[in-house]
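The structure appears below as structure tokens.
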Amino acid sequence: MVKSITLRKTGPLKGELTPPPDKSISHRSLIFCSLSKGRSRVKNLLLAEDPVSTMNAMRALGADIRQYDNEIVITGTGLHGLREPEDVINCGNSGTTMRLLTGLLSAQPFFSVLTGDSSLRSRPMKRVITPLSMMGANIYGREQNSLAPLAIRGNRLKGIEYSSPVASAQVKSAVLLAGLYAEGTTTVVEPRKSRDHTERMLPAFGANLKVDGLRVSVTPVDELHPQDITVPGDFSSAAFFLVAALIVKGSEVMIRNVCINPTRTGLIEVIRLMGGSMEIMNERDVSGEPVADILCRYTDQLKAVDVPEELVPSMIDEFPIFSVLATQADGVTTIGGAEELRVKESDRIKTMATELSKMGVEVEEYPDGMSIKGPVKLRGATLQSHHDHRVAMALSVAALLAEGETTILGTEAVDISFPGFYDELKRLSP
Ligand code: S3P
């Protein structure tokens, strides 16, 4: 159902917030527990549309996944116990589901088909099909095997060493999942470090995985062992409130239980370069991930920044909300080396440039990024989410500063990663 929301300029955001559970860790918990032999428990799994796509897929492949009040219990099939799905697997809007499963299914002794919504069916799949084909996978898709639906005829695979042209955790994880079944060693070398949840989690399940800087290698083991996992809060969801607190005058928000894995928190470093104020408190470990509480306060002296290219992978999902932050910083903020943004749930360079300019922002688009001139007095407008959850939430934060009313069309997209987003916004900025 298509939804919309109308928002007005708000007073300060005050109070505490616990963001929803991490989406990347939720997908991996579902897949790795389903591949383990026996019963795993997952607390605080994200029950939003994307991980539910993964949950349904793993059920279709034979895992027994049950939801209780405060945990999910997964009885895995074992590494070699998945069964041929009876129907096409629908990955919805979820690139992580489709790419990780393409790696896994390439190595299974059966046939499977993966499809998704119109956004996912237009996103590049060659990036996983190329290395998996080098391992011996048989994957067919539209437009010369580059777009979903993908038909996979599972096969015996052999290990490769693959230098990925993109820093992508989805590519890395797809190849490593295939590597769990391949003959010999499978190695992925990245140009820059992408999020490392797979590398942190798989060894705990008993996988034989080694990390050496940008190289990650895996060799097969007989079985993975079930685990008890607690999923920490998602930094990428927290980021909307972190930025809202920085730019809405007088705000002070405590964001609790956030995963601050350094492969995810480039935004914190960039905010510091801009002169923003945040305190990271109560650092602790939760299921092998660093977690903290973050106290965020309004800052009236944000300076523009040239985002260092080496930080791009660690803030790749935060660019929609970062572009809103840049509208309030003094000077011209530039983003470069971020062409990956063009192949996310929407073309996030184009969608943010188009929508922010409707609010009166001077934005220039480049093939690999954008520049944004600030500070701007934003004007209310009618905006489109482009069915992209992070675009919808970023524009909603911009609306809190805009003169007049802002209507955002297509807000049902927030359910992909943050179903309670508007309730939390209302609660913190009544
Ligand atoms: C993800 C990896 C990133 C990210 C996506 C989740 C993951 O994509 O943008 O939201 O869970 O592995 P890429 O691997 O394409 O960079």
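As the structure lists them, so they are numbered: ligands from 1, and atoms in each ligand from 1. Just so you know, these numbers use all the heavy atoms, side chains as well, and skip hydrogens, waters and symmetry mates. Quantities reported herein were computed from a predicted structural model and do not represent experimental measurements.
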Atom 10 (O) of ligand 1: which protein heavy atom is closest, and how many Å away?
Asp317 OD2, 2.8 Å

Using a 3.5 Å distance criterion without hydrogens, assess whether the side chain of Thr333 forms a donor-acceptor pair with backbone atoms of Val305.
yes

Does Glu49 reach the main-chain N or O of Asn93 with its side chain, forming a donor-acceptor pair under 3.5 Å?
no

Atom NZ of Lys126: over 12 foreign heavy atoms under 6.0 Å
yes

Which residue owns the protein heavy atom closest to atom 11 (O) of ligand 1, what's the atom, and how far is it?
Ser24 OG, 2.7 Å

Is it true that Arg256 and Glu16 have a side-chain N and a carboxylate O under 4.0 angstrom from each other?
yes

Under 4.0 Å from one or more heavy atoms of Ala169, ligand 1 contributes atoms 12 (O), 14 (O)

At under 4.0 Å between heavy atoms, what of His197 touches ligand 1? The answer is neither

Atom of Ser36, atom of Phe205 and distance for their closest heavy-atom approach:
OG-CD2, 3.2 Å

Purely on distance, is any nitrogen or oxygen of Ser168 under 3.5 Å from one on ligand 1?
yes

Run the salt-bridge test on Asp317 and Arg264 with the 4.0 Å N-O cut-off and return the result as yes or no.
no

Below a 4.0 angstrom heavy-atom separation, can you tell me which part of Arg195, side chain or backbone, both or neither, approaches ligand 1?
side chain

Given Lys172, Gln170, Lys23, which one has a non-hydrogen atom that is nearest to atom 5 (C) of ligand 1?
Gln170

Using heavy atoms and a threshold below 4.0 Å, how should the contact between Arg28 and ligand 1 be classified: side chain, backbone, both, or neither?
side chain

Short side-chain to backbone donor-acceptor contact, Arg342 and Pro367, under 3.5 Å:
yes

Would you mind finding which of Glu340, Lys344, Arg99 brings a heavy atom closest to atom 13 (P) of ligand 1?
Lys344

